[in-house]
Structures are given as C-alpha cells and as structure tokens.
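Computed from a predicted structure; not experimentally measured. What's counted below: heavy atoms across the whole structure, side chains too, no hydrogens, waters or symmetry copies. Ligands are counted one by one from 1 in listed order, and the atoms in each one are counted from 1 as well.
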Amino acid sequence: MSSSSSCEVAPQLQPLAWLLGKWRSDEGQAVYPTMKLFPYQEELEFFQTGQPNIQFNFNSCNPENKKPMHKETGFIRIDPTSNKVAFMFAMNIGLCSLEEGTVDGQCIVLQSKNVNRMSFGKEPETRKICRRFELKDGVLKQTVQMETSTTALQEHLSVTYRRVE
Ligand code: HEM
C-alpha cells in the first residue's frame, strides 16, 4: 500500500498536483439565512493513493473550544481525456454528494450531480451544492453555496487556507 502527498505526482493527476498536501484555514466562516454567522477552523488533506485518484479528509472545529464539527472525506477522479473532475464526498452529517466540474489551471469549479442523505436526517434537506477551490498567491480559497428544501441557492462557506507541509 502506498499513500503520499510529497513524492512524485502520478502523470494522470498532474492537473491537481497543486492541491496535494495539508492545508490549514486562516479565516473561515459559515453563513446562511437560517443561522448566525459562525467562524470556524478547518484542515484539509489531499493525498495520492497509488491509484489514479486522490483521497481527501476535511476536518473542521469550533475555534474557541476546538470541538470537532463538520467532516468530509472522499476521493477525486480526473478524466484522462479532458479537464473534467469528480469529487465524491461522504459527510458526518449523513450526506453523500457526487460533485462534478472542471479544473482550469489552479481553479476547480464543481456542482453536485446528486446529494443523498440518510433516511433519518434532520430537516432541511440539502438539494444542491456548488463549490469552488482556487489557489492564488499561495492562498487556497474554498467557497460553498448550498440549496436546501427551504432556502434558495446561496453561500454557506467561505474559507481561506495556507499550506502546512
Ligand atoms: C458542503 C458541506 C456542508 C453542507 C452540505 C452543510 C449543510 C448544512 C445544512 C443543511 C444546514 C442547516 C441549514 C438550515 O437549517 O437552513 C447547515 C447548518 C450549519 N452548518 Fe453546514 N454544511 C456544510 C459544511 C459546513 C462546515 C464546514 C461548517 C463549519 C463548521 C458548517 C457549519 C454549520 C453551522 C454552524 C450550521 C448552523 C447550525 C446547525 O444547524 O448545525 N457547515 N449546514
């Protein structure tokens, strides 16, 4: 078994090489019309698996008491014949989303193809997720927009990260 973020990048994963490694948030906030603005901290890790995919772990916490909050884990696949990418997310809130889009330079734009949730999940239901990752001047930014069964598509997350290794 092999997994690595620092050794040579497999040729088919080169378009996403800029994402590999560990990132720590410097500023992050969750917003939504139904909630108070919530600042949070998060670490992202993207690593090679020895197969033509990238595995990732996102872990957020409350910045004051460091209690774990939202978590996401999954895999990224890249179409070897185009700039299409697919991110498969499993979330600790009982959601799985398959998000597809494109990578252009150091920017990834994704839209959920489907969002599945457990049958006993809390309302409201997440219906759609639009996500963007962009690396500019050493700062990685992630933004997430979300549509639920009660709220139209709008921003839920905006967070910037710096590389930690
Ligand atoms: C794509 C990833 C995420 C999805 C799909 C998601 C989904 C949701 C949903 C459906 C709600 C309820 C909204 C409502 O009641 O109208 C919510 C609320 C909330 N989310 Fe997220 N969320 C995500 C990521 C995060 C992250 C990374 C954080 C950071 C800690 C976060 C923090 C919160 C907070 C503080 C609330 C309000 C309190 C609560 O209802 O638990 N979310 N989220």
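Arg24 and Glu43 are joined by a salt bridge, as a carboxylate oxygen and a charged side-chain nitrogen come within less than 4.0 angstrom of each other. Contact check on Glu123 versus Arg117 returns a salt bridge, with a Lys/Arg side-chain nitrogen under 4.0 Å from an Asp/Glu carboxylate oxygen.
Only protein N, O or S atoms were considered, and those under 2.8 Å from atom 21 (Fe) of ligand 1 are His156 NE2.
Nearest protein heavy-atom contact of atom 12 (C) of ligand 1 is Pro124 CD, 4.1 Å.
In this structure a side-chain-to-backbone donor-acceptor pair under 3.5 Å is present from Trp18 to Gly105. Without hydrogens or angle criteria, Tyr32 side chain to Met146 main chain gives a donor-acceptor distance under 3.5 Å.
At most 12 heavy atoms of other shown residues, nucleotides or ligands fall within 6.0 angstrom of atom NZ in Lys141. Within 6.0 Å of the CG atom in Asn65, the count of heavy atoms belonging to other residues, nucleotides or ligands exceeds 12.
Among all heavy-atom pairs drawn from Val9 and Gln14, the shortest one is O-NE2, 3.5 Å. Across every non-hydrogen atom of Val85 and Phe87, the tightest pair is CG2-CE1, 4.1 Å.
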**Message:** Show, in sequence, the C-alpha distance, side-chain angles and deciding distance for Lys66 and Gln41, and conclude whether the side chain to side chain donor-acceptor pair (under 3.5 Å) test is met.
**Reply:** CA-CA 8 Å; Lys66 309 291 178 207; Gln41 290 174 349; 3.1 Å; yes
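At a heavy-atom distance under 4.0 Å, only side-chain atoms of Leu95, from C-beta outward, approach ligand 1.
The only option from Asn53, Ile54, Leu19, Ile76 that meets the side chain to side chain contact (heavy atoms under 4.5 Å, CB included) definition with Leu13 turns out to be Ile54.
Residue contact check: Ser60 has heavy atoms under 4.0 Å from atoms 29 (C), 30 (C) of ligand 1. Listed by number with element, the atoms of ligand 1 under 4.0 Å from a non-hydrogen atom of Met69 are 30 (C).
For the residues Glu99, Lys71, Lys122, the heavy atom positioned nearest atom 41 (O) of ligand 1 is part of Lys122. Taking each of Gln142, Lys128, Met35, Glu147 in turn, the one with a heavy atom nearest to atom 37 (C) of ligand 1 proves to be Met35.
Within the 4.0 angstrom cut-off, atom 9 (C) of ligand 1 has one or more protein heavy-atom neighbours.
Heavy-atom separations between Arg131 and ligand 1 include at least one value shorter than 4.0 Å. At least one heavy atom of Glu72 sits under 4.0 Å from some atom of ligand 1.
Residue Thr34 places at least one N or O, backbone or side chain, under 3.5 Å from an N or O of ligand 1.
Residues that satisfy the salt bridge (Lys or Arg N to Asp or Glu O under 4.0 Å) test with Glu72, not counting sequence neighbours, are Arg131.
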